[in-house]
Amino acid sequence: MRKNERKRHSFTPKMSDLQAPLRPKRKKGLVDFLVQFRWVFVIFFVLPFSALYYFLIYLGDVRSEMKSYKQRQKEHDENVKKVVKRLKQRNPKKDGLVCTARKPWIAVGMRNVDYKRARHYEVDLSAFRNILEIDKERMIARVEPLVNMGQITRVTVPMNLSLAVVAELDDLTVGGLINGYGIEGSSHIYGLFSDTVVAYEIVLADGRVVRATKDNEYSDLFYAIPWSQGTLGFLVAAEIKLIPVKEYMRLTYTPVVGNLQDLAQGYMDSFAPKDGDQDNAEKVPDFVEGMVYSPTEGVFMTGRYASTEEAKKKGNKINNVGWWFKPWFYQHAQTALKKGEFVEYIPTREYYHRHTRCLYWEGKLILPFGDQWWFRFLLGWLMPPKVSLLKATQGESIRNYYHEMHVIQDMLVPLYKVGDALEWVHHEMEIYPIWLCPHRLFKLPVKTMVYPEPGFEQHHRQGDTPYAQMFTDVGVYYAPGPVLRGEVFDGAEAVRKMEQWLIKNHSFQPQYAVSELNEKDFWRMFDADLYEHVRRKYGAVGTFMSVYYKSKKGRKTEKEVQEAEQAHLETAYAEAD
């Protein structure tokens with residue numbers, strides 16, 4: 001195939017099967033007006049304060065990096081003692097359930113942190129934001145939970161090292177990616193972010209500080225921590241796998257046209273050899289990402305690490321995508337649909353954080369003209385707005401509007417069902433672009449909250465290996481088509497339908513997002529056995545809220561939370577007897 005020739009798969013779209021239902025027009029109100037012109041507030045308040053906030057955080061990170069590892073460890077030990085002391089001061093009969101003192105609006109996720117509106121007992125973890133050690137011999141980074149991705153790559157990439165999985169947005173923290181969910185374009189090799197963790201340092205409900213690994217006495221806790229949302233204990237440090245990297249990413253942009261099933265197949269073919277040789281580094285790229293721009297067009301990107309020497313060879317194009325005036329990455333990738341396949345070299349750290357400036361494509365909704373050349377040149381250096389500031393200043397009515405008229409969801413589906421998932425999203429939500437990112441789901445010694453399909457290894461499907469099933473994150477982020485057309489759209493009902501589709505298809509919904517699941521369906525989607533066993537064994541019941549009640553939508557009354565915890569306590573006591 002010639003360099004600029006567009007790759008095409010069989011174009012046999014059956015759009016009649018995908019037509020979205022006709023919807024009546026929706027009456028607009030004051031909230032629609034506030035949302036439409038919110039960009040005024042964002043430009044004159046959120047962006048300047050975001051820039052100031054980022055600068056102050058940067059100064060704090062630099063000050064931390066100037067300290068010796070010994071000094072950072074000493075401060076860490078002192079802060080852990082404070083957490084233990086605070087936990088031991090709690091009176092279970094008078095005080096509420098334990099949670100962090102972090103303000104609800106600070107979290108990057110869109111889920112309302114309504115559990116903090118009930119009576120609760122706060123423990124301050126705000127000091128845990130240091131990189132404790134970069135161990136080049138063991139290839140391990142030991143970090144505290146509030147270390148974010150921008151901070152860790154700023155330290156490791158100049159050493160030609162990196163975490164095996166680096167989530168794209170700068171603000172995402174280690175603690176959130178472990179207790180919740182984290183993925184990146186290298187997850188088709190290394191799995192989810194939590195799969196790259198070697199050890200956890202946890203403060204348990206009774207104040208004990210333990211180090212959990214996959215092969216020590218706390219191995220059950222080690223496997224239960226991911227997806228637990230911090231409901232088993234306080235994570236105060238993690239040891240995470242490092243890998244060697246090079247200075248550049250050689251990125252190939254490949255356009256594919258066809259129906260949604262064709263696009264799904266083109267995406268699979270970009271990184272999963274049909275002969276099943278999934279562990280062959282010659283056949284499998286270092287990074288994979290896909291963006292579906294319409295029901296008939298997508299661009300799939302594959303990357304391989306490259307040296308400075310290779311990148312600067314005559315004829316090679318270097319693209320510094322991180323510069324403030326550059327086109328937003330998703331729009332830059334979309335040019336492959338007109339130009340055909342092309343290759344360029346991107347500095348590694350800039351590639352890691354390619355979606356930060358525009359928050360994938362959410363920036364287009366926040367600032368409708370933010371992608372224009374004049375704005376990028378004059379004010380692009382202020383981007384992105386701090387998500388926590390956007391949440392803190394939106395008010396209850398705008399927050400509820402976004403829950404109904406806007407979707408931020410990830411659907412983790414088996415690779416062979418990606419085409420079905422794309423068709424479902426088109427029919428029910430009509431959201432584009434759609435982000436695609438593959439990840440392995442490993443067969444583990446124990447059954448965790450998320451797990452591969454039983455017997456998957458017998459089918460020898462594309463992308464699977466005997467020890468891991470290949471899944472894909474289908475990222476659905478934007479205003480649905482009906483909302484953009486001014487039609488009626490029931491966001492809560494659409495999410496409920498999505499959740500039922502996920503349950504039916506052995507798929508999962510990360511709980512950073514707004515969830516409509518009731519408790520029964522929550523535990524149909526996720527496996528409860530190990531999680532509940534560990535909660536009882538390590539005394540989390542009666543101290544920390546359960547993961548369902550922490551994740552569920554809506555305000556949590558103290559009575560509701562206490563009754564739910566009492567039910568768990570009675571079950572635990574009965575089993576102990």
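With rounding to the nearest 0.5 Å, the separation of CG in D195 from OH in Y190 is 13.0 Å.
Using cut-offs of 30° and 60° for the angle between ring planes, the Y352 and F287 rings count as tilted. Between H355 and F329, the two ring planes are perpendicular [angle over 60°; tilted spans 30° to 60°].
Of the N and O atoms on the side chains of Q500 and D521, at least one donor lies less than 3.5 Å from an acceptor on the other residue. No side-chain donor-acceptor contact under 3.5 Å links T465 and Q278. Under 3.5 Å, the side chains of Y181 and S194 contain no donor-acceptor pair of N or O atoms.
Both the sub-6.0 Å distance and the 45° axial angle are satisfied by R354 relative to the ring of Y351.
Salt bridge annotation for R211-E239: present, with a cationic side-chain nitrogen under 4.0 angstrom from a carboxylate oxygen. For E493 and R496, the salt-bridge test passes: some basic side-chain N is under 4.0 Å from an acidic carboxylate O. By the 4.0 Å N-to-carboxylate-O rule, K283 lies close enough to D275 to be salt-bridged with it. The pair D220-K537 counts as a salt bridge, with a side-chain nitrogen and a carboxylate oxygen less than 4.0 angstrom apart.
Minimum heavy-atom separation, L260 to S294: CD2-O, 4.2 Å.
Using a distance-only test at 3.5 Å, with no hydrogens or angles considered, a donor-acceptor pair links the side chain of S507 to the main chain of N505. Using a distance-only test at 3.5 Å, with no hydrogens or angles considered, a donor-acceptor pair links the side chain of E499 to the main chain of E516. For the pair R440 (side chain) and G463 (backbone), a donor-acceptor distance under 3.5 Å is absent.
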